[in-house]
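Notes to accompany the following structure.
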Amino acid sequence: MAQSLERMLRDGRTYLRILYLLLAFPLGTTYFILLVTLVSVGVSTAVIGVGLILLALSVFAWMLMARLERELAINLLGAHVPPIAIPGESLGPWQRLLKLLGDASTWKALVYVMLEFPFGILSFVLTVTLLPVSLALTAVPFAYVGAVLSGSPNIQLGTRGFTLFPNSPPFGAEFLAALLVGVLGVGLFLASIALLNGIGWAWGRFAELMLGIDPSRLQLAAAEAEASAQRSRAERADQSRRELIVNASHELRTPIASISAHVESLQKPERQIDPESRQYLGVIDTETRRLSSLVDDLLVLARADADELRITVRPVNVAEVVERVSTAMAPLARQERNLTLVHRNAADLPAAMADPDRLEQVLANLVRNAVNHTPDGGIVTLTTQADPDGVIITVADTGIGIEAQDLPRIFERFYRADQSRARDNGGSGLGLAIVRELLTAMGGTISAESTPGQGSTFTIRLKKAA
Ligand code: ADP
């Protein structure tokens with residue numbers, strides 16, 4: 001008991017709480033007068049519009065008061081009050097007002113601010129009566145002794161008194177009474193400090209309850225902030241990965257082109273080179289081309305990821321593009337695999353939205369795949385037909401087909417259905433991924449169907465030109 005009393009008296013917080021109890025009166029009164037004035041003027045002038053602004057202002061005003069109260073509750077009362085608003089949230093004034101009105105913590109803050117008025121009066125009255133009265137009582141014996149020593153004629157000394165020190169007048173029952181009052185005063189003083197400290201503590205707990213947003217919402221906001229920080233970190237990492245690919249691809253192009261040029265000049269027929277070296281040169285040539293096309297593919301994909309594909313979509317006569325691809329690829333199909341490449345264009349084909357060069361690249365890629373996966377003597381067919389939404393182009397072959405488990409994955413990057421065979425063909429597994437990126441950028445789609453052993457059909461859909 002004595003220890004906790006001593007601790008309370010030594011603790012600076014006790015006096016800060018009493019300071020708050022004194023401040024609560026002027027603050028509470030100011031809040032009350034300000035809010036009541038704002039709201040009543042606001043309500044009475046609401047019809048002319050100004051009032052609505054005043055009412056809105058009153059909401060911001062009481063939230064400002066709540067912020068001040070939170071600081072005081074933390075610093076003076078030692079309360080742990082959560083923040084009034086979610087940190088880092090930036091909203092316009094109108095959005096903020098709507099959010100505040102829909103938030104329970106706003107109304108709780110209003111109740112707190114308004115209750116501060118009666119609480120302030122009560123705490124002020126208690127503080128300014130209890131402390132001075134108890135201090136005055138404590139001072140009584142000192143005043144008595146002072147009066148005796150100064151020989152005040154009004155003081156009647158006791159007859160059966162005793163002396164405190166030599167030559168002093170004797171102190172009697174009156175002095176004892178004065179001493180008792182003094183002791184009572186000290187007791188009252190200590191009790192008052194304990195009571196006021198307790199009231200301050202309780203009001204601090206009340207502030208914790210009424211002020212600040214719900215801790216679970218705070219946790220949610222913190223989790224959201226963490227998630228968004230992680231997202232932006234991931235985006236930054238993604239961005240630098242793309243930049244690395246783009247830069248590396250650019251840098252690789254020059255040496256690859258240089259190797260190609262030198263190999264080409266070494267391969268010239270007029271050069272005296274033994275057959276074995278010529279064969280090696282052929283391998284270098286093939287591999288360099290492969291490397292070059294891989295670098296090009298990576299560049300296209302990195303650009304697609306960064307939404308930087310250089311694509312100009314405009315109304316295109318698809319039949320012409322199909323014709324061009326067919327004419328360019330037919331000799332190759334015949335030479336390489338003895339395949340027949342045919343095309344069938346619908347008569348009433350509308351113009352479709354596409355980038356003609358990129359569409360040509362897409363179709364050439366699909367035809368090349370078809371050629372690579374169709375045994376000798378097969379047929380590759382390019383067809384166009386009109387559709388209510390636009391134009392459909394199909395590239396069908398009579399080749400080996402694609403297994404059902406591979407079919408959903410062939411448009412993924414680096415996916416090769418039959419690893420060993422695909423490598424023989426020099427494929428990197430990026431072709432179809434690029435095809436899909438290019439078509440998506442044109443607003444089109446691609447899908448694939450296949451029956452293993454019978455062939456595959458790739459279907460492209462392009463939007464009709466407006
Ligand atoms: P690649 O560079 O290996 O050809 P693609 O992305 O163009 O990569 O194709 C992915 C995989 O899809 C290929 O490895 C191949 O197994 C399969 N594929 C693509 N087109 C055909 C086709 N017409 N017939 C059979 N399989 C095909």
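Just so you know, ligand 1 is whichever comes first in the structure, and atom 1 is the first atom listed for that ligand. All of these numbers come straight from a predicted model, not from anything done at the bench.
- For H373, every heavy-atom contact with ligand 1 shorter than 4.0 Å involves the side chain, none the backbone.
- Taking all heavy atoms of N369, D406, D297 into account, the minimum distance to atom 4 (O) of ligand 1 is reached by N369.
- Of the heavy atoms in L432, both backbone and side-chain atoms come closer than 4.0 Å to ligand 1.
- Not a single heavy atom of F411 sits under 4.0 Å from any atom of ligand 1.
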Working for side-chain contact (heavy atoms from CB on, under 4.5 Å), residues T288 and I256: CA-CA 7 Å; T288 315; I256 291 172; 3.8 Å; yes
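- With a heavy-atom cut-off of 4.0 Å, A417 touches ligand 1 through backbone and side chain alike.
- Taking 4.0 Å as the cut-off between side-chain N and carboxylate O, D397 and R337 do not count as a salt-bridged pair.
- The residue T374 has no part lying near ligand 1, judged by heavy-atom distances below 4.0 Å.
- Salt-bridge annotation for R409 and D406: absent, with no side-chain N of the basic residue lying under 4.0 Å from a carboxylate O of the acidic one.
- In this structure the side chain of L72 never reaches within 4.5 angstrom of the side chain of L77, judged on heavy atoms.
- Ranked by closest heavy atom to atom 2 (O) of ligand 1, the top entry among S450, G429, A370 is G429.
- Near Y415, the atoms of ligand 1 lying under 4.0 angstrom from a non-hydrogen atom of the residue are 10 (C), 11 (C).
- Not a single heavy atom of G399 lies less than 4.0 angstrom from ligand 1.
- Taking a cut-off of under 4.0 Å to the non-hydrogen atoms of R416, the atoms of ligand 1 that pass are 3 (O), 14 (O).
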W107 vs L101, side-chain contact (heavy atoms from CB on, under 4.5 Å): CA-CA, chis, key distance, verdict: CA-CA 8 Å; W107 303 101; L101 289 177; 3.8 Å; yes
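- Here CZ of R13 is found 6.5 Å from CZ of R17. Values are rounded to the nearest 0.5 Å.
- Not one N or O of N365 is nearer than 3.5 Å to an N or O of ligand 1, by distance alone.
- Counting the atoms of ligand 1 from 1 in the order shown, those under 4.0 Å from a heavy atom of F458 are 20 (N), 23 (N).
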Steps toward side-chain contact (heavy atoms from CB on, under 4.5 Å) verdict (H250, V246): CA-CA 6 Å; H250 270 303; V246 170; 3.7 Å; yes
CA sep, side-chain torsions, deciding dist, call: Y112, F206, ring-ring contact (aromatic ring centres under 6.0 Å, His included): CA-CA 8 Å; Y112 177 93; F206 184 59; 5.7 Å; yes
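- Between I402, L407, D397, it is I402 that holds the heavy atom closest to atom 26 (N) of ligand 1.
- With respect to the salt-bridge test (charged N to carboxylate O, under 4.0 angstrom), the residues D387 and K464 do not qualify.
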